[in-house]
S.K.: 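My questions all concern the structure below.
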Number of protein chains: 4
Amino acid sequence: MSQAPQLATLPSGVVTLADHEQHARSVMDDNAWAYFSGGAGDEITLRANRSAWDALQLQPRVLRSLAGGHTRTHLLGHALQHPILLAPVAYQRMAHPDGELACAHAAAALGAGMVLSTQASVALEVVAEAVLDEPGRGPLWFQLYLQHDRGFTRELVARAEHAGYEALVLTVDAPTHGARDRERRAGFRLPAGVSAVNLSGMPPVPALSLQQHQSALFDGLLRHAATWEELEWLQGVTRLPIVLKGVMHTGDAKEAAQRGVAALVVSNHGGRTLDTSPATAAALPRMADALQGTLPLLVDGGIRRGTDVLKAVALGATAVLVGRPYVYGLANAGAVGVAHVLRLLRDELEIAMALCGCATLADATDAILWRADGA
Amino acid sequence: MSQAPQLATLPSGVVTLADHEQHARSVMDDNAWAYFSGGAGDEITLRANRSAWDALQLQPRVLRSLAGGHTRTHLLGHALQHPILLAPVAYQRMAHPDGELACAHAAAALGAGMVLSTQASVALEVVAEAVLDEPGRGPLWFQLYLQHDRGFTRELVARAEHAGYEALVLTVDAPTHGARDRERRAGFRLPAGVSAVNLSGMPPVPALSLQQHQSALFDGLLRHAATWEELEWLQGVTRLPIVLKGVMHTGDAKEAAQRGVAALVVSNHGGRTLDTSPATAAALPRMADALQGTLPLLVDGGIRRGTDVLKAVALGATAVLVGRPYVYGLANAGAVGVAHVLRLLRDELEIAMALCGCATLADATDAILWRADGA
Amino acid sequence: MSQAPQLATLPSGVVTLADHEQHARSVMDDNAWAYFSGGAGDEITLRANRSAWDALQLQPRVLRSLAGGHTRTHLLGHALQHPILLAPVAYQRMAHPDGELACAHAAAALGAGMVLSTQASVALEVVAEAVLDEPGRGPLWFQLYLQHDRGFTRELVARAEHAGYEALVLTVDAPTHGARDRERRAGFRLPAGVSAVNLSGMPPVPALSLQQHQSALFDGLLRHAATWEELEWLQGVTRLPIVLKGVMHTGDAKEAAQRGVAALVVSNHGGRTLDTSPATAAALPRMADALQGTLPLLVDGGIRRGTDVLKAVALGATAVLVGRPYVYGLANAGAVGVAHVLRLLRDELEIAMALCGCATLADATDAILWRADGA
Amino acid sequence: MSQAPQLATLPSGVVTLADHEQHARSVMDDNAWAYFSGGAGDEITLRANRSAWDALQLQPRVLRSLAGGHTRTHLLGHALQHPILLAPVAYQRMAHPDGELACAHAAAALGAGMVLSTQASVALEVVAEAVLDEPGRGPLWFQLYLQHDRGFTRELVARAEHAGYEALVLTVDAPTHGARDRERRAGFRLPAGVSAVNLSGMPPVPALSLQQHQSALFDGLLRHAATWEELEWLQGVTRLPIVLKGVMHTGDAKEAAQRGVAALVVSNHGGRTLDTSPATAAALPRMADALQGTLPLLVDGGIRRGTDVLKAVALGATAVLVGRPYVYGLANAGAVGVAHVLRLLRDELEIAMALCGCATLADATDAILWRADGA
């Protein structure tokens with residue numbers, strides 16, 4: 001676990017999310033850094049997520065009225081100050097002793113939504129209780145993997161509901177770990193004192209003995225992999241809206257819509273599962289085109305600038321999630337660092353809106369995207 | 001403020017504008033360098049401006065008659081020796097004690113036009129008086145932001161008219177500062193003795209108290225952002241032609257033409273406002289196509305070579321503006337350095353014309369651009 | 001010849017094939033490294049082979065049933081545990097004293113096929129005897145160049161048949177060496193104790209005296225170059241199926257199919273013959289389109305990841321061959337290293353299949369490839 | 001002038017033209033290096049020339065008959081051993097004391113054509129006499145600029161005819177020097193003892209006094225620039241065929257054909273005149289398409305590999321010229337170095353032909369070029 005900064009003050013010269021990342025490298029130990037910063041395989045998708053936003057070009061407009069402008073929007077019935085949420089990230093106490101609790105406070109103060117990871121290192125009830133009554137806070141959601149043990153999952157869902165979480169975010173793009181080579185090279189292991197406290201007491205996966213030439217994956221782990229049937233089961237045991245996270249195929253998106261999920265997160269798990277899968281910025285417009293507004297879309301992966309947020313909205317997203325950047329802010333200065341990351345993103349978003357002539361996010365249609373072919 | 005070179009002699013080995021830039025880095029202090037050289041955000045647009053000119057290819061021609069060739073053109077009724085103007089750049093005394101005055105002298109001597117910035121560090125009257133009577137000088141224009149105080153703006157316009165400026169260049173692409181991260185990282189501040197002397201006495205922006213979750217931008221600064229109505233007001237209070245600077249959208253260009261502006265500058269503010277906006281070399285042909293010659297077009301952004309000037313003309317520009325390069329020349333050797341920059345550009349332009357078989361700029365149609373697709 | 005590692009243990013931190021390559025560089029001497037790692041000319045094709053797989057994007061799918069999944073397939077009547085074979089590589093005892101024998105053991109243990117090179121540094125009978133009876137092993141094939149001496153070739157074929165090899169892989173893309181500049185710069189020569197033992201006793205090529213301006217290639221070596229007629233001759237002297245290796249042109253592929261070869265390997269000889277020939281990942285789909293499934297296709301060249309294997313299958317390959325990576329594994333840790341390379345590839349293939357929603361290789365159609373144009 | 005190597009032996013490890021270049025850098029002084037290696041402006045075209053050949057892909061073929069293969073061709077009635085000529089390069093005694101004479105010997109020995117520069121540092125008669133009677137030599141041509149003094153030019157042409165040159169190569173792409181910034185930065189000047197001996201006695205250009213704002217180029221040098229009329233004049237004073245060098249526009253090519261020139265060299269002067277002009281490999285196919293075989297085409301610019309030669313032929317060239325590489329060979333080992341460069345190119349050409357299934361250059365149609373779009 002990283003040494004906590006003595007004073008929660010921002011290091012000087014940190015004025016962008018990239019600065020936060022660079023500074024965090026010097027604050028985190030190698031173990032935590034490999035875990036949070038790494039991607040799958042050769043990290044082609046990790047880099048593509050980032051470069052895809054950079055490659056999109058914005059169309060400046062001039063002399064348009066910006067009076068009454070704002071960044072507000074709505075999501076699953078919740079009024080948002082701005083369309084930025086904290087993505088679910090596990091084991092945040094590896095980055096800072098305050099972990100998820102610091103992030104929840106910062107998110108509430110800055111009006112950002114928060115999605116707590118199933119593998120959070122702080123109890124889900126503690127997080128919820130700390131921020132549920134904050135004025136102007138964003139939505140508070142709970143992220144879920146469908147575990148092999150239905151009884152335990154049902155109990156976990158019940159705890160989340162009881163604690164006040166407003167939606168379940170079901171991550172479906174990771175039936176198995178990706179080839180996290182950077183973690184493996186670093187010999188990653190959870191430090192003492194950090195664990196997935198909300199999964200405590202979960203029954204272990206039943207042991208399995210494999211024969212030669214059998215596969216630990218296909219003949220083992222994947223026998224329990226979740227399918228659309230498990231989604232149906234989950235819908236039957238919760239009253240919360242379900243957000244499906246990790247959808248990159250239009251057919252899957254339509255299936256999800258038909259089956260009554262509340263929203264989708266276009267995501268490749270931050271480039272941590274299937275390397276050489278496409279950038280989310282490339283997938284988002286196809287999803288938007290396939291769904292035609294029937295479901296709200298969120299997107300994550302490589303969002304580091306307010307211009308990225310604006311581009312995501314222009315491509316059809318209602319809101320975006322950021323992951324690694326706020327963990328870096330957390331490592332750099334606890335809750336203050338997370339708040340700073342959110343502040344920077346919102347400020348940059350507003351500047352970008354103004355320079356594209358958008359008084360509100362409703363003005364951010366795809367007409368604000370410059371097309372190289374003039375279309 | 002930088003130490004003034006003892007002797008206004010050119011450093012050896014400086015034979016291109018890129019050489020001037022490299023040398024200026026060693027002459028300027030970090031504060032001035034961050035201000036003049038930096039762009040918005042990750043400086044993607046700053047680099048794109050440059051690389052877009054490089055990517056355009058010229059079509060050589062041979063054995064064509066070049067007799068009687070020249071680089072002359074006309075702009076708003078002014079005969080130009082060549083199509084190169086100095087773009088408005090603020091606070092030039094940060095680069096050299098002689099500041100804008102040195103640049104005006106150099107421009108006049110080399111037959112280049114000059115656009116004085118509203119935020120010039122030398123009084124507008126001093127600059128005008130020094131060069132108005134120079135034979136063969138280019139146009140002398142005054143750049144303007146629409147300030148929140150109409151009375152002050154009207155007075156400023158009157159001073160410019162009275163001093164002999166021949167047009168107003170209204171910058172419309174910066175209702176707010178861009179995310180100038182390099183400046184912020186460097187902790188940029190104006191050095192003692194350098195200020196926007198022409199804005200001295202301008203009433204401060206009225207103070208504003210914001211509530212939580214309110215935006216300093218939308219709920220503050222942008223309430224006063226200029227719109228097409230303010231342009232109309234300005235047209236009512238001046239007899240000078242108005243050049244709109246910062247137009248990158250064909251719709252905005254057409255609106256400007258309809259509203260009677262005299263010319264447009266296709267510009268993204270040198271990559272200093274909206275990062276990931278397109279390169280001006282990409283926007284220029286669209287503007288030319290939209291306006292069909294109804295208004296003269298100028299362009300700036302990344303012009304560093306005579307070949308760039310020729311390409312700009314081939315894409316529809318009547319003239320170009322250069323910014324940073326002449327500030328670097330100023331830092332390197334005062335007026336002599338600025339003159340050298342202009343000399344290099346003109347010489348290179350002539351070579352490029354000759355090798356493309358253009359005796360005059362009228363020959364520089366888009367037929368001199370090589371199209372990769374053979375069109 | 002490289003010093004053999006004292007203990008056949010894997011170096012720590014080696015978790016990918018790229019890690020094996022990097023580590024092997026420190027284990028091999030310059031002579032062996034130049035031979036195994038080098039390509040032809042400027043190694044443009046060598047790099048293109050690699051980058052072409054990287055550039056293909058996979059389409060993630062979610063919540064599909066993966067029950068009963070596996071990587072099994074069939075090839076020339078042989079059941080394969082997975083679609084990965086060891087490509088023919090000469091002189092493996094330069095990498096490790098155990099040479100081809102170690103590789104054969106590792107391949108059998110991991111269920112991979114093996115193609116023994118004509119220029120193997122271990123007797124073909126020794127290799128075959130060691131592994132023919134291993135349960136679950138992959139196919140065992142013998143690679144052949146058509147030598148200038150038909151009698152010797154016929155005898156070699158008879159030996160391979162007698163030893164139990166199940167197919168002949170006729171390499172047709174190297175009538176002459178490529179411009180192996182890296183080898184030439186390094187002054188490559190076979191170390192003492194390593195030779196093409198299976199070619200021992202082959203009569204030398206008849207001497208030839210050239211006149212000035214004559215060509216050692218056209219007027220010498222190429223007079224004996226194999227043509228389709230020599231293939232016919234070979235078909236007449238063997239009962240084994242013939243796999244043609246090195247086909248990159250659809251016309252050649254169709255000709256081969258008409259002439260009754262059993263399978264094709266789409267290959268550019270690992271970028272070792274004709275530099276600037278296309279990447280095999282680019283050629284493969286054209287071959288598949290031309291043959292319409294009439295012949296099984298294999299492919300090699302730049303395969304370093306399980307995702308590459310899956311992409312190859314999606315583009316129409318029944319199986320893939322890897323070359324340099326297993327030689328690096330061999331250099332790093334003998335048979336254990338080769339087995340590790342195969343294990344990594346298979347594990348990564350399974351992960352990729354699961355994340356693309358493929359329970360079996362039959363599910364790996366080209367629908368799992370993301371097309372940038374949305375097709 | 002560079003120190004002559006003591007022994008004309010090739011440095012070890014030099015096995016490609018790129019190796020020759022790298023080694024020459026350590027042999028030449030900065031002055032000569034700047035002159036020979038530099039290009040115009042930012043050297044974008046210089047690099048593009050090279051990368052354009054690299055980007056073209058060759059289509060391997062297998063099992064085709066290569067019996068009776070050779071690299072012979074014809075050019076202006078001259079039988080060539082292979083399609084490689086030495087391009088005109090000035091002042092070769094800067095690279096080696098033997099200068100142009102060494103190159104002529106090497107060319108003749110290797111069956112390569114040679115084009116002597118007007119600015120050669122050895123008398124044209126000396127060069128011709130040395131090689132005219134060599135068996136199997138390639139064509140011997142004389143390169144010409146149209147000088148301002150017609151009388152002197154006519155005399156120079158008569159000398160070339162009398163000495164036995166077989167064609168005049170009229171360079172038309174350099175009415176003015178390009179912006180040779182690398183030379184200017186290095187302060188290039190001819191070393192003592194090296195001069196354009198064949199221009200000795202040429203009357204100087206008449207002096208000219210310019211007024212302010214006048215152009216040394218348009219109002220000075222270019223008043224004498226050659227046009228199509230000067231070509232006509234030249235045709236009237238010589239019995240030699242005229243090859244036009246520096247044509248990059250299809251209109252110019254057609255005009256030249258109509259006016260009875262004997263051949264064209266598609267050339268951008270090795271990237272030394274107009275920076276950002278297209279690569280010759282891009283221009284060549286357009287020229288071939290425009291001329292439809294009515295004139296033989298040659299090409300230079302960036303040819304460093306036998307594969308490049310083969311690609312040039314496939315795109316429509318009858319032969320190619322190489323420039324800098326043989327000067328590097330000359331600097332490295334005198335005539336031996338030049339011969340080595342030619343030997344490497346021819347050997348590589350033959351290998352490439354064999355691997356593309358071309359027995360002769362007539363087989364090198366554009367079908368041997370792989371098209372990324374499958375056309």
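This one's a predicted model, so the numbers in the text were calculated from it and none came from an experiment. Reminder, nothing fancy here: chain letters follow the sequence lines and each chain counts from 1.
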S.K.: Could you have a look at A:V15, A:L56, A:L66, A:V14 and say which one has the most heavy-atom pairs with chain B under 4.5 angstrom?
M.R.: A:V15
S.K.: If you count heavy-atom pairs under 4.5 Å with chain A, which of B:T273, B:T227, B:T250 comes out on top?
M.R.: B:T227
S.K.: Is A:A55 close to chain B through its backbone or its side chain, or both, or neither, when contacts mean heavy atoms under 4.5 Å?
M.R.: neither
S.K.: Between B:A48 and chain A, which part of the residue has a heavy atom less than 4.5 Å away: side chain, backbone, both or neither?
M.R.: neither
S.K.: Treating B:Q212 as the side-chain partner and A:G136 as the backbone partner, does any N or O pair qualify as donor plus acceptor under 3.5 Å?
M.R.: no
S.K.: Report the C-alpha distance between A:R305 and B:D181 in whole Å, list the side-chain angles of each, state the deciding distance to 0.1 Å, and finish with yes or no for salt bridge (Lys or Arg N to Asp or Glu O under 4.0 Å).
M.R.: CA-CA 12 Å; A:R305 287 286 188 182; B:D181 299 320; 2.8 Å; yes
S.K.: Relative to chain A, which segment of B:E229 carries a heavy atom at a distance below 4.5 Å: side chain, backbone, both, or neither?
M.R.: neither
S.K.: Picking from B:D42, B:V247, B:T45, B:D219, which has the most non-hydrogen pairs under 4.5 angstrom with chain A?
M.R.: B:D42
S.K.: Please confirm whether B:R286 makes a cation-pi placement over A:W370, using NZ or CZ under 6.0 Å from the six-membered ring centre and within 45° of the ring normal.
M.R.: yes
S.K.: Starting from the C-alpha separation in whole Å, work towards a yes-or-no answer on side-chain contact (heavy atoms from CB on, under 4.5 Å) for A:C356 and B:L274.
M.R.: CA-CA 8 Å; A:C356 290; B:L274 179 65; 3.7 Å; yes
S.K.: What residue, out of A:G111, A:S12, A:A67, has the most heavy-atom pairs lying under 4.5 Å from chain B?
M.R.: A:G111
S.K.: Mark yes when over 12 heavy atoms from residues, nucleotides or ligands other than B:R154 sit less than 6.0 Å from its CZ; otherwise mark no.
M.R.: no
S.K.: List the atom of A:P60, the atom of B:S277, and the distance in Å for their closest heavy-atom pair.
M.R.: CG-CB, 3.7 Å
S.K.: Give, for atom CZ of B:F218 and atom CE of A:M353, the distance between the pair rounded to the nearest 0.5 Å.
M.R.: 4.0 Å
S.K.: How about CD on B:Q292, more than 12 heavy atoms from neighbouring residues, nucleotides or ligands closer than 6.0 Å, or not?
M.R.: yes
S.K.: Please report the interatomic distance NE2(B:H213) to NE2(A:H82), rounded to the nearest 0.5 Å.
M.R.: 8.0 Å
S.K.: With sequence neighbours excluded, what pairs up with A:R324 under the salt bridge (charged side-chain N to carboxylate O under 4.0 Å, His left out) test?
M.R.: none
S.K.: Give, as side chain, backbone, both or neither, the part of A:L344 having an atom under 4.5 angstrom from any heavy atom of chain B.
M.R.: side chain
S.K.: Regarding A:Q57 and B:T276, do their side chains bring together a donor and an acceptor under 3.5 Å, going by distance alone?
M.R.: no
S.K.: Pick one of side chain, backbone, both or neither for B:L244, based on which atoms fall under 4.5 Å of a heavy atom in chain A.
M.R.: side chain
S.K.: Given side chains that start at C-beta, do those of B:R185 and A:T16 come closer than 4.5 Å, heavy atoms only?
M.R.: yes
S.K.: For B:D54, what residues pass the salt bridge (charged side-chain N to carboxylate O under 4.0 Å, His left out) criterion, not counting sequence neighbours?
M.R.: B:R50
S.K.: What are the two closest heavy atoms between B:H177 and A:I351, and how far apart are they?
M.R.: O-CG2, 3.7 Å
S.K.: Taking the side chain as every heavy atom from C-beta outward, state whether A:L355 and B:T176 have any atom pair closer than 4.5 Å.
M.R.: yes
S.K.: B:L222 and A:A354: which non-hydrogen atoms are nearest, and at how many Å?
M.R.: CD1-CB, 3.5 Å
S.K.: Heavy-atom distances under 4.5 Å only: say whether A:S65 touches chain B with side chain, backbone, both or neither.
M.R.: both
S.K.: Report which part of A:R304 has an atom under 4.5 Å of a heavy atom belonging to chain B: side chain, backbone, both, or neither.
M.R.: neither
S.K.: Between A:Q81 and chain B, which part of the residue has a heavy atom less than 4.5 Å away: side chain, backbone, both or neither?
M.R.: side chain
S.K.: Would you call A:R61 and B:D252 a salt bridge, using N to O less than 4.0 angstrom?
M.R.: yes
S.K.: In terms of heavy-atom pairs under 4.5 Å with chain B, which of A:G357, A:A109, A:G68 leads?
M.R.: A:A109
S.K.: Report yes if the side chains of B:S215 and A:T71 come closer than 4.5 Å at any heavy-atom pair, otherwise no.
M.R.: no
S.K.: With a 6.0 Å cut-off (strictly less than), is the heavy-atom count around CD of B:E232, excluding the residue itself, greater than 12?
M.R.: no
S.K.: Using non-hydrogen atoms only, which part of B:N268 is less than 4.5 Å away from chain A: side chain, backbone, both, or neither?
M.R.: neither
S.K.: Please check if the number of heavy atoms outside A:E134 that lie under 6.0 Å from its CD is greater than 12.
M.R.: yes
S.K.: Whether the side chain of A:Q59 engages the backbone of B:M248 through a donor-acceptor N/O pair (distance < 3.5 Å, no angle test) should be reported.
M.R.: yes
